[in-house]
Amino acid sequence: MPELPEAETIVRGLRRAVVGRTIASARVIRPDVLRQPLATFRRNVKGRRITSVERRGKNVVHVLDDGSVVAVNLGMTGRLLPFPGPPKGSRRPRHAAVIVRFQDGSVLVFDDVRRFGTVEALPGDVWARRSDGMGPEPLDPSLRSPRLHASLATSRTPVRSWLLDQRRIAGVGNIYAAEALYLAGIHPQRPANRVTRAEARGLLRSLRTVLRAAIDHGGTTIRDYRDAEGGSGAYARKLYVYGCEGEPCRRCGTSIRRVVFSNRSAFYCPSCQS
DNA sequence: AGTGTATCCTGCAGGC
DNA sequence: TGCCTGCAGGATACAC
């Protein structure tokens, strides 16, 4: 999916398009993306005005005028595409799952080829509890490395798996986990509790460097990701290890390796990362 | 309790 | 051309 930088890019693009608009109706073409009954979703959104769009981890959160939210998790292939009017012909998204029509005639489409994404309309307090169950935001300055180190110390799971667990830290996915671990010199299969205090500091710094740079470039497009304007992210060219199996490490020239665990590929430099 | 695996779904690239 | 396999940015139910 869209990881944190892609979700952030989407949120920034969406704000211009949807904040201040009032929802006239919602058409649900693929009810399986809803994590709640269809009737509940429609009742919760109808007639509500969007007051802001925020990001929490990889989630895009539309805040409505009654304090409730529409939370969208983009899964692997989800997109949020605004249109000035009903999209016609070749502009029509091919895998529209939910179509929201606003009172001014503009439209927001949640499009998702694989339908791993989810959409739900929730009372504010329910969302707040959900958010409380997620780990800290890596870019939040109030997160300091001693806290990260203490949290890593509670688990023997491979540090790449640890980073992907949204309950431990929010917004990190497979690409940026690979990139940050490379910059920090930590092997993706190292048990989390064997990351030293100094390495935890480096890892947090690396995460922030990578995530900020990716946001600056509008995210990473491998194949599916598109921003709210339908554009692709330019960060793909900057990747050090993700998807780079067999290519020379930029630091030492050693061939980048791929290893599969937890059903996901991990990419690393065998000499720079231990 | 904590961890790894299988699964949801579709599309695409590469091998033969 | 076409069929087959493997792979994909995520999250979670389940078995150990």
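By convention in this document, chain letters (A, B, ...) are assigned in the order of the sequence lines, proteins followed by strands, and residues within each chain are numbered from 1. What you see is a predicted model; the values in this text were computed from it and never measured.
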Check the distance between [N]'s [atom2] and [X]'s [atom1] and give it to me in whole angstrom.
| X | N | atom1 | atom2 | result |
| --- | --- | --- | --- | --- |
| A/R79 | B/dC9 | CZ | P | 20 Å |
| A/D165 | C/dA11 | CG | P | 10 Å |
| A/D32 | C/dA11 | CG | P | 17 Å |
| A/L163 | C/dA11 | CG | C1' | 16 Å |
| A/L74 | B/dC9 | CG | C1' | 16 Å |
| A/M76 | C/dA8 | CE | C1' | 5 Å |
| A/N263 | C/dA11 | CG | P | 15 Å |
| A/W162 | B/dG2 | CH2 | P | 14 Å |

Counting just side-chain N and O atoms, does [X] come under 4.0 Å of either OP1 or OP2 of [N]?
| X | N | result |
| --- | --- | --- |
| A/Q166 | C/dA11 | yes |
| A/T77 | C/dA8 | no |
| A/N73 | C/dG10 | no |
| A/H95 | B/dG11 | yes |

Rounded C1' spacing from C/dT12 to B/dG11 in Å | 23 Å

Rounding to the closest angstrom, what is the interatomic distance between B/dA1 and C/dA11 at atom P?
-> 24 Å

Is there a side-chain contact between A/S265 and A/Y242, using heavy atoms and a 4.5 Å cut-off?
-> no

Using a 4.0 Å heavy-atom cut-off across all strands, classify [X] as base, sugar-phosphate, or nothing.
| X | result |
| --- | --- |
| A/R168 | sugar-phosphate |
| A/N174 | sugar-phosphate |
| A/T118 | nothing |
| A/Y176 | nothing |
| A/P158 | sugar-phosphate |

Nearest to side-chain heavy atoms of [X], which nucleotide of [options]:
| X | options | result |
| --- | --- | --- |
| A/R258 | C/dA8, B/dT5, C/dT12 | C/dA8 |
| A/S155 | B/dC9, B/dT3, C/dA11 | B/dT3 |
| A/R94 | C/dC7, B/dC9, B/dC12 | B/dC12 |
| A/F116 | B/dT3, B/dT10, B/dC9 | B/dC9 |
| A/R156 | B/dT10, B/dT3, C/dG10 | B/dT3 |

Side chain to side chain contact (heavy atoms under 4.5 Å, CB included) partner of A/I99, the single match among A/V28, A/I29, A/L108 | A/I29

Under 3.5 Å donor-acceptor pair, A/R114 side-chain atoms to C/dA8 base atoms = yes

Would you say [Y] and [X] are linked by a side-chain donor-acceptor pair, where the criterion is simply a distance under 3.5 Å?
| X | Y | value |
| --- | --- | --- |
| A/T118 | A/R35 | no |
| A/T77 | A/D112 | yes |
| A/Y176 | A/E6 | yes |

Using 4.0 Å as the upper bound for N to carboxylate O, is an ion pair formed by A/D32 and A/R115?
-> yes

Which sits closer to the 5' end of DNA chain B, A/R223 or A/R167, going by the nucleotide each is nearest to?
-> A/R167

If pairing means Watson-Crick or G-U wobble with both distances under 3.5 Å, then the partner of B/dT10 is C/dA8

Could you tell me whether A/R160 sits above the aromatic face of A/Y268, with NZ or CZ closer than 6.0 angstrom to the six-membered ring centre and within 45 degrees of the axis?
-> no

